[in-house]
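One structure below.
Only a predicted model underlies this, so the values are computations on that prediction, with no experimental measurement involved.
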Amino acid sequence: MSMGGMGGNPELQELSQQLQELDAQQESLEDEIERLQNEQTEITEAIDALESLETGSTVQVPVGGGAYVRATVDDIDEVVVGIGSDFAAEQPRDDAIETLRAKRDTLSERIDEFQGEIDEVESEISELEQKAQQLQQQQQQQAMQQLQQQNDEQ
């Protein structure tokens with residue numbers, strides 16, 4: 001939002017700074033949501049794989065650097081699942097799927113929280129933008145009055 005030629009007004013300068021900060025805040029919240037949604041997609045893909053794979057299925061296993069090796073599933077009944085802060089647990093397939101679903105639900109809750117924060121930031125932004133517009137209008141009116149006074153005096 002440009003404050004064309006309003007450099008002299010400290011109140012407007014402050015508003016424009018607050019708006020910039022809120023914009024940045026909104027952007028980082030949106031980035032966070034995107035990250036969580038990507039994580040959800042990965043979990044969904046894992047759940048789909050666990051539901052469809054069988055012992056003896058052939059899968060592509062990532063070994064890093066974008067390289068994959070072909071491997072055969074030795075035992076689909078036991079699945080190793082990350083359970084947070086670098087811990088993993090071996091679980092029966094159904095439990096593993098439940099664990100993944102629970103993780104996905106937690107992510108949904110966090111996404112909703114961030115979305116709520118974005119809504120708050122957006123309403124703050126529109127309030128500040130209205131304030132800024134009012135200030136600009138007041139300034140323009142004052143400028144017009146000054147011009148008229150100058151014209152009257154001549």
Check whether more than 12 heavy atoms from other residues, nucleotides or ligands sit under 6.0 Å from atom [atom1] of [X], and answer yes or no.
{"X": "Asp74", "atom1": "CG", "result": "no"}
{"X": "Glu11", "atom1": "CD", "result": "no"}
{"X": "Glu51", "atom1": "CD", "result": "yes"}
{"X": "Glu78", "atom1": "CD", "result": "yes"}

[Y] side chain reached by [X] side chain, heavy atoms, under 4.5 Å:
{"X": "Glu39", "Y": "Arg35", "answer": "yes"}
{"X": "Ile47", "Y": "Arg104", "answer": "yes"}
{"X": "Leu29", "Y": "Ile33", "answer": "no"}

Could you tell me whether a side-chain N or O of [X] sits under 3.5 Å from a main-chain N or O of [Y], the two making a donor and an acceptor?
{"X": "Arg93", "Y": "Leu50", "value": "yes"}
{"X": "Thr44", "Y": "Gln40", "value": "yes"}
{"X": "Gln91", "Y": "Val79", "value": "no"}
{"X": "Thr58", "Y": "Thr72", "value": "no"}
{"X": "Lys103", "Y": "Gly82", "value": "yes"}

Original post:
Under a single-linkage definition using a 4.5 Å side-chain heavy-atom cutoff for Ile, Leu, Val, Met, Phe, Trp and Tyr, are Val63 and Val73 assigned to the same hydrophobic cluster?
Top reply: yes
Original post:
Is it the case that one hydrophobic cluster holds both Val59 and Tyr68, taking links as side-chain heavy atoms less than 4.5 Å apart, direct or via other members?
Top reply: no
Between [atom1] of [X] and [atom2] of [Y], what distance do you get to the nearest 0.5 Å?
{"X": "Leu53", "Y": "Ile76", "atom1": "CG", "atom2": "CD1", "result": "5.0 Å"}
{"X": "Ile43", "Y": "Ile97", "atom1": "CD1", "atom2": "CD1", "result": "13.0 Å"}
{"X": "Glu127", "Y": "Glu129", "atom1": "CD", "atom2": "CD", "result": "11.0 Å"}
{"X": "Asn151", "Y": "Met144", "atom1": "CG", "atom2": "CE", "result": "9.5 Å"}
{"X": "Ser126", "Y": "Glu122", "atom1": "OG", "atom2": "CD", "result": "8.5 Å"}
{"X": "Gln26", "Y": "Asp31", "atom1": "CD", "atom2": "CG", "result": "11.0 Å"}

Determine all donor-acceptor pairs shorter than 3.5 Å in which one atom belongs to a side chain in residues 109-117; sequence neighbours excluded.
none

**OP:** Locate the shortest heavy-atom distance separating Val80 from Ala88; write the atom from each residue and the value.
**Re:** CG1-CB, 3.7 Å
**OP:** Determine, stepwise, if the pair Ile125 / Asp23 fulfils side chain to side chain contact (heavy atoms under 4.5 Å, CB included).
**Re:** CA-CA 8 Å; Ile125 287 175; Asp23 277 339; 3.5 Å; yes
Subject >> Working for side chain to side chain contact (heavy atoms under 4.5 Å, CB included), residues Gln60 and Val69 >> reply: CA-CA 6 Å; Gln60 302 274 348; Val69 294; over 6 Å; no
